[in-house]
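Protein chains get the first letters and strands the later ones, always in sequence-line order, with residue 1 at the start of each. All values reported here derive from a predicted model rather than from experimental measurement.
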Amino acid sequence: MDTYLQNLNEAQRTAVRTTEGPVLVLAGAGSGKTRALTCRIAYLIREKGVKPWNILAITFTNKAAREMRSRVDALVEYGADAVWISTFHAACARILRRHAESIGYSSSFTIYDTDDQKTLMKQVIKPLNLDPKDYREKAVLAEISAAKNALIGPEQYKKEHDDDYRGRKIASLYAEYQRQLQQNNAMDFDDLLCNTVELFTKDPFALEEYQDRFRYILVDEYQDTNAAQFRITSLLAAGHRNLCVVGDDDQSIYKFRGADIRNILDFEKEYPDATVIRMEQNYRSTGSILEAANYVIANNKGRKGKRLWTENDQGEKVEFHRLDTEYDEAEWIVSRILRGKETTSYGNCAVLYRSNAQSRILEEKCIQFNVPYRLVGGVNFYQRKEIKDMICYLKTIQNGQDDVAVQRILNVPRRGIGQVTMERVAMYAASHSISFFEALEQVKLIPGMERSGKKIQEFTDLIHELRQLAGTFSIQALLEEILKRTKYEEELQKEGAVEAQSRMENIGELISKAAGFEEEDAEEEPLGRFLEEIALVADVDETDDDGERVTLMTLHASKGLEFPHVYISGMEDGLFPSRMTLQTGDPGELEEERRLCYVGMTRARERLFLTAAGSRWLHGEKQYYPVSRFVREIPADLLKTDRNSTPERSGYGTGSLPGRTTGMAGSRAAGGSGRAGMASFGSQTGSFLFRTGKEFTRQDPGKLDYRAGDRVRHVKFGDGTVVKLEEGKSDTEVTVLFDKAGEKKLLAGFAKLVRI
DNA sequence: GAACCCATCATTTTT
DNA sequence: TGATGGGTTC
């Protein structure tokens with residue numbers, strides 16, 4: 001037997017070797033599931049002689065797909081690149097391109113992101129003269145998305161909601177939205193899934209082809225699949241029935257996005273002959289961390305039930321600290337990271353929070369204490385204005401039917417084509433059943449277009465010329481040509497030099513991305529494939545793990561990752577679990593929050609710190625939230641606290657949340673000797689009060705070791721040149737022109753610039 | 001066409 | 001509190 005199997009434990013090995021028939025792998029956090037999955041693929045190819053192209057492996061994110069591919073590559077000498085390893089959406093897009101005609105699309109269809117969806121929905125809602133308050137694009141889209149994820153089409157939706165006014169309206173918006181999408185030869189993310197189901201239903205030959213091809217199917221993160229994904233999986237697996245799904249019901253945290261935990265809970269009902277494998281040995285965390293996490297998750301009903309164990313050391317206790325305000329909390333965390341620097345590096349630390357809004361203060365404190373950090377999430381690279389503009393040019397060149405794209409760039413850069421003109425053209429297009437771009441091409445036939453006519457023709461000429469070039473040019477050259485011909489940069493300059501510079505840098509990044517793409521992907525239709533990649537990839541390699549930086553991110557974003565030191569901030573009832581969850585009073589939602597907590601806790605390898613604030617500003621109101629019930633679900637003797645922080649002391653007489661529990665939650669996890677009562681005060685954590693004053697306030701200009709013209713480095717903005725120093729009200733103000741971030745005015749005492 | 005003001009409204013998010 | 005968007009005004 002090969003060495004790669006010897007490194008596996010019993011359960012993992014069974015997961016690898018049980019290649020035939022349906023298999024459900026319940027893999028706890030940190031149980032080496034990716035390892036088992038990749039070994040399984042290698043085993044299929046190497047031992048079972050399965051052809052790589054007969055294997056389909058589905059992951060949830062592109063990042064996970066990349067990771068799996070490289071691991072499989074390492075285990076299989078050749079042919080590994082023929083294995084389909086991709087996300088549901090990418091796999092579906094690939095299938096749909098080949099069979100687009102079967103469902104009334106052309107293979108050059110474009111993929112809409114949320115912004116495009118909103119733009120389109122706005123246009124759909126507008127002519128109906130509905131109260132915009134009751135029918136916000138976002139809300140309508142959310143309902144439609146939920147319907148799609150549940151595989152409810154417009155007709156069925158209409159039937160199901162025929163008895164209420166709003167339902168009927170949404171139904172017609174849904175139908176019209178779909179009609180316009182198709183007219184634009186565009187699909188939104190959900191359509192990629194639904195349309196694949198539709199394709200397989202309408203075109204049995206296509207389904208058969210893929211059933212035949214994918215003899216071995218693996219699905220990772222199965223607990224987060226929705227109805228559409230479930231359907232696709234079962235349809236594909238119906239052929240050879242070699243379906244292996246891997247997941248952890250305790251880590252299902254995407255219900256709000258349509259994930260249906262029943263898919264994993266009921267797998268055995270769906271496949272009564274399924275082999276069920278439990279991977280419960282955790283290789284990641286210390287005993288203390290695991291034990292605490294086990295206690296929390298034990299409060300959930302409706303689980304498959306499993307108990308993670310580890311051979312790792314018990315390690316340090318989980319710590320809980322409650323500070324006065326959110327500022328104190330952030331400061332405690334950052335200071336603790338700073339203090340722990342001797343034992344672990346910044347790169348080994350992560351600070352997790354429930355909502356993105358919490359990141360700001362953490363950022364501020366990192367800057368203040370000169371702790372380098374990396375913020376995960378936030379604004380997506382491909383959603384930036386300048387990037388979207390460029391992409392819409394490419395989309396227009398590629399697919400003239402995409403009205404949303406054409407309308408976006410028609411007047412960008414400004415060509416003096418106003419809203420009135422746009423509406424007239426749109427009207428003409430609608431009445432002649434042609435696309436917006438086709439209407440532009442016929443501008444001479446549209447009445448009242450005498451003045452804009454010339455400008456419009458210049459635009460269509462430009463697109464025609466660019467289309468010509470697209471045949472021979474690389475995408476990189478095409479983008480450069482677009483920039484040149486549209487004088488895009490000049491337009492940007494009008495908005496300010498600094499702004500323009502950073503926007504141009506982003507475009508530069510897009511261009512190099514295009515260059516890199518073509519280098520490794522020389523297949524035909526590069527433009528279409530490039531656009532698809534961009535649409536389906538969340539961000540430009542989020543994996544810039546460069547340097548030693550603390551990671552700040554939401555609990556959701558932390559799934560699948562691990563860090564030696566983990567801090568979870570905002571452990572307050574009202575924040576986490578969130579107020580919305582508590583207000584609905586739905587125990588299912590609370591359980592999802594608890595799973596989220598479990599996910600967060602199990603990210604930690606060595607140390608886990610939980611923190612809360614006694615009060616915090618939220619939406620302009622000061623909130624006094626009690627300590628999170630999740631903290632209170634951890635037995636006191638597993639927690640290290642200081643006298644101000646003991647959970648049962650905290651939160652009394654404050655806040656007034658519905659359904660607040662007092663004291664410890666009742667149910668306890670199985671196992672362990674009967675733990676009782678709260679630890680009394682006393683376990684000392686040492687000082688957690690830090691000086692905020694002297695070191696970080698006023699800086700005398702004379703004492704600064706840099707002056708105008710010097711090169712300096714900033715934790716967040718990187719390197720730059722000092723433009724000037726001036727005496728401000730409270731501190732010396734430094735103006736720096738950063739290479740990447742542009743010109744910023746900073747307070748010397750705050751910015752902690754280092755001369756380089 | 002752009003600057004400005006006021007109202008509104010706030011989880012989580014990958015694809 | 002803060003970002004965002006619509007509407008108004010110049």
Side-chain angles (χ1 to χ4, degrees), chain A residues 58-65 86-94 111-118 122 126 132-133 136-139 141-142 145 148-149 187-194 196 220-221 224-226 228-229 252-259 326-327 352-361 364 376-380 382-383 411 414-421 494-495 532-539 542 553-560 570 572 574-584 589-590 592-593 595-597 599-600 616-623:
Chain A
I58 299 284
T59 60
F60 241 71
T61 63
N62 292 295
K63 200 175 154 195
S86 76
T87 62
F88 267 111
H89 290 85
C92 288
R94 205 166 151 186
I111 299 169
Y112 276 6
D113 68 13
T114 13
D115 279 348
D116 302 325
Q117 286 181 278
K118 272 190 213 162
K122 218 180 258 175
K126 212 173 161 192
K133 260 187 177 172
R136 265 185 267 273
E137 308 102 69
K138 225 181 120 188
L141 282 167
S145 176
K148 285 185 181 178
N149 285 326
M187 299 187 193
D188 64 23
F189 288 125
D190 303 319
D191 286 336
L192 292 172
L193 306 175
C194 302
T196 302
D220 194 9
E221 307 280 13
D224 284 326
T225 50
N226 60 34
Q229 291 162 330
S252 164
I253 54 172
Y254 283 113
K255 186 179 162 205
F256 69 93
R257 211 165 80 184
E326 70 268 41
Y327 292 95
L352 311 180
Y353 36 82
R354 177 66 239 265
S355 76
N356 277 312
Q358 290 167 256
S359 71
R360 219 194 72 243
I361 295 164
E364 273 174 26
V376 177
V379 190
N380 186 316
Y382 294 112
Q383 279 172 2
N411 200 33
R414 249 161 268 153
R415 299 185 172 88
I417 302 169
Q419 211 184 341
V420 181
T421 309
K494 286 181 203 153
E495 288 171 30
E532 176 170 319
E533 159 129 350
I534 276 179
L536 294 178
V537 169
D539 222 328
E542 236 192 281
M553 62 183 159
T554 63
L555 286 148
H556 281 91
S558 75
K559 196 173 97 170
E572 296 140 48
L575 207 68
F576 188 33
S578 78
R579 201 177 64 192
M580 287 205 185
T581 305
L582 294 174
Q583 278 169 349
T584 61
E589 296 217 357
L590 184 63
E592 174 133 329
E593 295 273 305
R595 289 193 290 270
L596 188 58
C597 182
V599 166
R616 77 170 66 227
W617 285 92
L618 219 65
H619 312 320
E621 256 182 301
K622 201 169 189 175
Q623 300 288 351

Could you give the CD-to-C1' distance, from A/E532 to B/dT15, as a whole number of Å?
12 Å
Between B/dT13 (P) and A/M553 (CE): distance, integer Å
11 Å
Quick note, A/R257 side chain, CB onward, closest among B/dT15, B/dA2, B/dT14 is B/dT14
First and last nucleotide of DNA chain C touching chain A, 5' to 3', heavy-atom cut-off 4.0 Å?
C/dT1 to C/dG6
Donor-acceptor pair, side chain of A/Q583 and main chain of A/M580, under 3.5 angstrom:
no
Can you check salt bridge (charged side-chain N to carboxylate O under 4.0 Å, His left out) on A/R94 and A/E532, steps first, answer last?
CA-CA 9 Å; A/R94 205 166 151 186; A/E532 176 170 319; over 6 Å; no
Rounded interatomic separation in angstrom, taking CZ from A/R415 and P from B/dG1
13 Å
Please confirm whether the backbone N or O of A/F189 pairs with a side-chain atom of A/Y112, one donor and one acceptor, at under 3.5 Å?
no
In whole Å, what is the span from the NZ atom of A/K255 to the C1' atom of B/dT14?
19 Å
For A/D220, side chain to side chain donor-acceptor pair (under 3.5 Å) partners two or more places apart:
A/K33
Quick one: what's the B/S/- string for nucleotides 5-12 of chain B, heavy-atom cutoff under 4.0 Å, read 5' to 3'?
----SBBB
Take atom P in B/dT13 and the same atom in C/dT4, then report the distance between them in whole Å.
16 Å
Using side chain to side chain donor-acceptor pair (under 3.5 Å) as the criterion, list what pairs up with A/D190, not counting sequence neighbours.
A/S145
List the residues meeting ring-ring contact (aromatic ring centres under 6.0 Å, His included) with A/Y327, not counting sequence neighbours, and say none if there are none.
none
Distance between C1' atoms of B/dT12 and C/dG5 (Å, rounded)
23 Å
Would you indicate what A/G600 reaches in the nucleic acid, counting non-hydrogen atoms under 4.0 angstrom: base, sugar-phosphate, or nothing?
nothing
Is there a donor-acceptor contact under 3.5 Å from the side chain of A/E593 to the main chain of A/F576?
no
ring-ring contact (aromatic ring centres under 6.0 Å, His included) against A/Y254, all qualifying residues, sequence neighbours excluded:
A/F256, A/H556
Looking at A/E592 and A/K255, would you say the former's side chain and the latter's main chain have a donor-acceptor pair under 3.5 Å?
yes
Atom-pair distance (CG on A/N411; C1' on B/dA2), nearest Å
13 Å
